[in-house]
Amino acid sequence: MERIRPIRLGVNVDHVATLRNARGGTRPDPVRAALLARAAGADGITAHLREDRRHIRDTDIARLKAEVALPLNFEMAATDEMVAIALATRPHACCLVPERREERTTEGGLDVAGQSAGLGPKIDALRAAGIRVSLFIAAETAQIAAARALGADIVELHTGAWCDALAEGRPEDAEAEFARLRKGAAEAARLGLEVHAGHGLDFETAERMAAFPEIVELNIGHFLIGEAVFVGLPAALATMRAAMERGRAALKGGEAA
Ligand code: PXP
């Protein structure tokens, strides 16, 4: 049997900044949350600098890079402005996401297949600077193939539709989305892409994603920060980590996800 790889937990601190910005000022500080997450065993920090700066600000990105000794996964729209910021910041990885001003959160995956001409030079520029490039996509064959063709290192599979279907009590949709993720993770890994997943994950859904042998990183924000309000960030992280390890342990028993 193939060796089971460890699974990493990337903690998205955007929503600490959301809370800060609700009042203005400096508190709560997303960098403090990142430091606490590191102390509690996070493997990486994720932050999305949106075009409208609604949560994370430019100074947060600079401080996360300078002050937190963990790989920074810089989520960004594929714009010239963001590429310039990434090249100046040199994060460990950039995750390219679609962005629409009016959305509350990143709603769909990046249309890599439809935008390859525009994305290609941006991916090349980031990779030439030694930054790993991740593309946040729906688990669709055409998108995965396009990500591979453009030379991306990683695909992050969008778990939002699956999580929404579960939360809204649509079991058939959830089943179909789960099957799509299952197939997409296998296809991406077969093409040599590193496979991550994220969006809308909670303890249960993270456990199930961790039981996909191809997935080596989950990026989780909103649920974790919400839990932290009640139990504290270290406790929320510890429970999340335990859930992920349970998912991984299922693989050791030879069970498929
Ligand atoms: N991964 C990507 C690419 C995202 O855009 C987001 C949301 O910012 C997440 C993961 C985390 O999603 P959530 O906050 O729902 O856990």
Side-chain angles (χ1 to χ4, degrees), residues 7-19 21 30 33-34 37 42-56 60-61 64 71-78 82 86 91-101 103-112 132-139 143 147 152-168 177 181 184-185 188 193-210 215-229 233 236-237 239-241 243-244:
I7 184 159
R8 297 189 297 268
L9 172 58
V11 175
N12 181 317
V13 296
D14 291 354
H15 294 294
V16 179
T18 302
L19 206 53
N21 297 359
D43 299 298
I45 298 298
T46 291
H48 183 178
L49 183 67
R50 292 187 73 101
E51 185 195 14
D52 61 9
R53 311 302 200 262
R54 73 171 70 149
H55 38 56
I56 293 292
D60 295 325
I61 292 292
L64 286 169
L72 174 62
N73 177 34
F74 177 38
E75 281 182 19
M76 54 180 253
M82 289 299 153
H92 173 76
C94 282
C95 181
L96 304 187
V97 302
E99 205 175 289
R100 286 190 296 120
R101 224 174 234 279
E103 70 190 356
R104 262 188 298 177
T105 181
T106 312
E107 283 168 0
L110 191 65
D111 181 14
V112 184
R132 304 191 79 215
V133 174
S134 173
L135 303 179
F136 185 50
I137 58 169
Q143 300 298 345
D153 302 282
I154 303 160
V155 287
E156 180 166 324
L157 302 181
H158 196 323
T159 51
W162 174 53
C163 294
D164 285 348
L166 285 173
E168 291 161 14
E177 289 296 336
L181 288 163
L193 289 157
E194 186 171 307
V195 188
H196 300 178
H199 211 282
L201 295 174
D202 61 12
F203 295 136
E204 285 79 18
T205 47
E207 179 174 340
R208 292 186 69 192
M209 283 298 104
I215 293 181
V216 295
E217 180 172 310
L218 299 179
N219 286 303
I220 310 179
H222 186 261
F223 173 79
L224 265 182
I225 301 304
E227 275 298 292
V229 170
L233 192 54
L237 243 91
T239 307
M240 181 58 77
R241 176 71 78 184
M244 289 165 59

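One-based numbering, in listed order, for ligands and for the atoms of each. In this chain, numbering begins with 1 at the start of the sequence shown.
- Residue V97 approaches ligand 1 through these ligand atoms, each under 4.0 Å from one of its heavy atoms: 3 (C).
- Among G109, G200, C95, the residue whose heavy atom lies nearest to atom 15 (O) of ligand 1 is G200.
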Full working for side chain to side chain contact (heavy atoms under 4.5 Å, CB included) between M209 and W162: CA-CA 11 Å; M209 283 298 104; W162 174 53; 3.5 Å; yes
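- Listed by number with element, the atoms of ligand 1 under 4.0 angstrom from any heavy atom of G221 are 13 (P), 14 (O), 16 (O).
- Between E156 and ligand 1, at least one pair of N/O atoms sits closer than 3.5 Å.
- Formation of a donor-acceptor pair under 3.5 Å by the Q143 side chain with backbone atoms of V112 is found in this model.
- Ion pairing between R132 and E217 fails under the 4.0 Å rule for side-chain N and carboxylate O.
- Of all atoms in ligand 1, numbered sequentially from 1 with element shown, those under 4.0 Å from a heavy atom of D14 are 8 (O).
- Rounding to the nearest 0.5 Å gives a distance of 9.0 Å between CD1 of I220 and CZ of F203.
- At a heavy-atom cutoff of 4.0 Å, ligand 1 is contacted by the side chain of E75 but not by its backbone.
- Under the 4.5 Å side-chain criterion, counting only non-hydrogen atoms from C-beta, H199 is not in contact with E156.
- Side-chain contact annotation: N12 with T46, donor-acceptor N/O pair under 3.5 Å absent.
- Close approach of ligand 1 to I220 is summarised as follows: ligand atoms under 4.0 Å from at least one heavy atom of the residue are 16 (O).
- Considering backbone and side-chain atoms alike, H222 places an N or O below 3.5 Å from some N or O of ligand 1.
- At least one side-chain heavy atom of V13 sits under 4.5 Å from a side-chain heavy atom of L64.
- When each atom of ligand 1 is checked for a heavy atom of N219 under 4.0 Å away, the hits are 10 (C), 11 (C).
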